[in-house]
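Only this structure's heavy atoms are used, side chains among them; waters, hydrogens and symmetry mates stay out. Computed from a predicted structure; not experimentally measured. Order of appearance sets the numbers: ligands from 1, and atoms from 1 within every ligand.
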Amino acid sequence: MNIQSMKLIFLGPPGAGKGTISKMAAERLGVPQISTGDMFRTAVKEKTELGLRVQAILAAGGLVPDELTIAIIRERLSWPDVRQSYILDGFPRTIPQAEALAAFSSPDAAVDFEVRDDLILFRLTGRRVCRACGAIYHAVTKPPKVDGICDLCGGELYTRNDDREETVKARLRAYHEETEPLIGYYAGKGRLLTIDGSPDAETVYTTFISEIGRFLKK
Ligand code: AP5
Ligand code: MG
Ligand code: ZN
């Protein structure tokens with residue numbers, strides 16, 4: 001696929017595959033993936049001022065305040081690598097975030113990956129992530145070649161501390177209350193692409209690529 005410009009938002013509940021599909025697009029198309037969740041987790045790990053502020057919120061499965069999240073994305077979108085293309089993985093997540101984004105960038109489409117709640121729990125409790133490079137695995141659907149070790153870089157795989165069942169339920173509640181209204185928001189602008197996120201990742205990616213073209217400028 002030859003693209004000039006592709007500015008996308010990835011919507012969808014926790015475990016929908018936003019990280020998985022955006023990393024495939026980053027590798028195959030060179031589109032930068034920007035994950036607010038990854039940025040917050042890095043801040044927590046490095047114990048920065050931001051990290052200390054958001055640590056408890058992430059651990060409880062709540063949402064980080066809009067002002068903080070918007071400021072981070074506004075700054076990141078000023079870098080030269082995202083002038084033509086980006087995938088925002090996990091931002092915006094509230095209507096005020098979407099309205100703020102519209103004031104400093106114009107996304108071509110919001111892609112909503114639909115996955116049922118029962119499949120989400122299976123995906124998240126089996127997820128393993130590489131501590132070194134961030135590659136995403138699953139104990140059943142995408143196991144590493146060697147248990148506990150990243151295929152790509154040899155790094156150690158870990159379980160995110162918000163992937164425990166109680167925290168997943170809190171994240172799902174936050175999703176249904178705060179984030180789901182964005183589906184109607186982008187549909188109303190004629191910018192919503194809905195993709196079935198439940199088949200295997202390769203099928204989801206292929207469907208996404210075959211459908212997204214109609215939202216992009218020629
Ligand atoms: P974030 O890191 O964005 O978490 P999330 O939205 O809950 O989404 P996940 O990363 O859990 O799921 P995903 O859709 O990326 O799925 P993945 O590809 O990994 O946010 C974390 C926290 O940060 C939030 O709770 C909040 O506190 C804060 N935050 C972040 N952004 C914010 C914002 N804008 N405003 C306020 N707060 C914010 O896949 C999951 C698993 O399933 C993996 O194991 C994978 O291998 C497997 N899998 C994926 N796709 C498939 C498939 N098609 N078939 C089989 N298995 C699959
Ligand atoms: Mg993710
Ligand atoms: Zn790795």
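Dense packing is recorded around CZ of Arg28, with more than 12 heavy atoms of other residues, nucleotides or ligands lying under 6.0 Å away.
Checked against a 6.0 Å centroid threshold, the rings of Tyr186 and Phe215 do not count as neighbours.
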_If you apply the rule salt bridge (charged side-chain N to carboxylate O under 4.0 Å, His left out), what do you find for Arg53 with Glu49, and how did you get there?_
CA-CA 6 Å; Arg53 283 188 69 178; Glu49 202 186 317; 5.7 Å; no
*Phe91 and Ile9: side-chain contact (heavy atoms from CB on, under 4.5 Å), yes or no, with the steps?*
CA-CA 7 Å; Phe91 180 94; Ile9 291 160; over 6 Å; no
Output block, N or O contacts of ligand 1, threshold 3.5 Å exclusive:
{"residue": "ligand 1", "atom": "2 (O)", "partner": "Arg41", "partner atom": "NH1", "Å": "2.9"}
{"residue": "ligand 1", "atom": "2 (O)", "partner": "Arg41", "partner atom": "NH2", "Å": "2.9"}
{"residue": "ligand 1", "atom": "2 (O)", "partner": "Arg160", "partner atom": "NH1", "Å": "3.4"}
{"residue": "ligand 1", "atom": "2 (O)", "partner": "Arg160", "partner atom": "NH2", "Å": "3.4"}
{"residue": "ligand 1", "atom": "3 (O)", "partner": "Arg93", "partner atom": "NH1", "Å": "3.4"}
{"residue": "ligand 1", "atom": "3 (O)", "partner": "Arg93", "partner atom": "NH2", "Å": "3.3"}
{"residue": "ligand 1", "atom": "4 (O)", "partner": "Arg160", "partner atom": "NH2", "Å": "3.3"}
{"residue": "ligand 1", "atom": "6 (O)", "partner": "Lys18", "partner atom": "NZ", "Å": "3.1"}
{"residue": "ligand 1", "atom": "6 (O)", "partner": "Arg93", "partner atom": "NH2", "Å": "2.4"}
{"residue": "ligand 1", "atom": "7 (O)", "partner": "Arg171", "partner atom": "NE", "Å": "3.3"}
{"residue": "ligand 1", "atom": "7 (O)", "partner": "Arg171", "partner atom": "NH2", "Å": "2.7"}
{"residue": "ligand 1", "atom": "8 (O)", "partner": "Lys18", "partner atom": "NZ", "Å": "3.1"}
{"residue": "ligand 1", "atom": "10 (O)", "partner": "Arg127", "partner atom": "NH1", "Å": "3.2"}
{"residue": "ligand 1", "atom": "10 (O)", "partner": "Arg160", "partner atom": "NH1", "Å": "3.0"}
{"residue": "ligand 1", "atom": "11 (O)", "partner": "Arg127", "partner atom": "NH1", "Å": "3.1"}
{"residue": "ligand 1", "atom": "11 (O)", "partner": "Arg127", "partner atom": "NH2", "Å": "2.7"}
{"residue": "ligand 1", "atom": "11 (O)", "partner": "Arg171", "partner atom": "NH2", "Å": "2.6"}
{"residue": "ligand 1", "atom": "12 (O)", "partner": "Gly15", "partner atom": "N", "Å": "2.8"}
{"residue": "ligand 1", "atom": "12 (O)", "partner": "Arg127", "partner atom": "NH1", "Å": "3.4"}
{"residue": "ligand 1", "atom": "14 (O)", "partner": "Ala16", "partner atom": "N", "Å": "3.2"}
{"residue": "ligand 1", "atom": "14 (O)", "partner": "Gly17", "partner atom": "N", "Å": "3.0"}
{"residue": "ligand 1", "atom": "14 (O)", "partner": "Lys18", "partner atom": "N", "Å": "2.8"}
{"residue": "ligand 1", "atom": "14 (O)", "partner": "Lys18", "partner atom": "NZ", "Å": "2.9"}
{"residue": "ligand 1", "atom": "15 (O)", "partner": "Gly19", "partner atom": "N", "Å": "2.8"}
{"residue": "ligand 1", "atom": "16 (O)", "partner": "Gly17", "partner atom": "N", "Å": "3.3"}
{"residue": "ligand 1", "atom": "18 (O)", "partner": "Gly19", "partner atom": "N", "Å": "3.4"}
{"residue": "ligand 1", "atom": "18 (O)", "partner": "Thr20", "partner atom": "N", "Å": "2.8"}
{"residue": "ligand 1", "atom": "18 (O)", "partner": "Thr20", "partner atom": "OG1", "Å": "2.6"}
{"residue": "ligand 1", "atom": "19 (O)", "partner": "Arg127", "partner atom": "NH1", "Å": "2.6"}
{"residue": "ligand 1", "atom": "20 (O)", "partner": "Arg93", "partner atom": "NH2", "Å": "3.3"}
{"residue": "ligand 1", "atom": "27 (O)", "partner": "Gly62", "partner atom": "O", "Å": "2.5"}
{"residue": "ligand 1", "atom": "31 (N)", "partner": "Thr36", "partner atom": "OG1", "Å": "2.7"}
{"residue": "ligand 1", "atom": "31 (N)", "partner": "Gly90", "partner atom": "O", "Å": "3.3"}
{"residue": "ligand 1", "atom": "31 (N)", "partner": "Arg93", "partner atom": "NH1", "Å": "3.2"}
{"residue": "ligand 1", "atom": "34 (N)", "partner": "Gly90", "partner atom": "O", "Å": "2.9"}
{"residue": "ligand 1", "atom": "34 (N)", "partner": "Gln97", "partner atom": "OE1", "Å": "3.0"}
{"residue": "ligand 1", "atom": "35 (N)", "partner": "Gln97", "partner atom": "NE2", "Å": "2.9"}
{"residue": "ligand 1", "atom": "37 (N)", "partner": "Val64", "partner atom": "N", "Å": "3.0"}
{"residue": "ligand 1", "atom": "44 (O)", "partner": "Tyr137", "partner atom": "O", "Å": "2.8"}
{"residue": "ligand 1", "atom": "53 (N)", "partner": "Arg123", "partner atom": "NH2", "Å": "3.4"}
{"residue": "ligand 1", "atom": "53 (N)", "partner": "Pro199", "partner atom": "O", "Å": "2.8"}
{"residue": "ligand 1", "atom": "53 (N)", "partner": "Ala201", "partner atom": "N", "Å": "3.2"}
{"residue": "ligand 1", "atom": "54 (N)", "partner": "Arg123", "partner atom": "NH2", "Å": "3.4"}
{"residue": "ligand 1", "atom": "56 (N)", "partner": "Thr141", "partner atom": "OG1", "Å": "3.1"}

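Between Arg171 and Asp163, at least one side-chain N (NZ, or NE/NH1/NH2) sits under 4.0 Å from a carboxylate O, which counts as a salt bridge. Using a 4.0 Å cut-off between a side-chain N of Lys or Arg and a carboxylate O of Asp or Glu, Glu165 and Lys169 qualify as a salt bridge.
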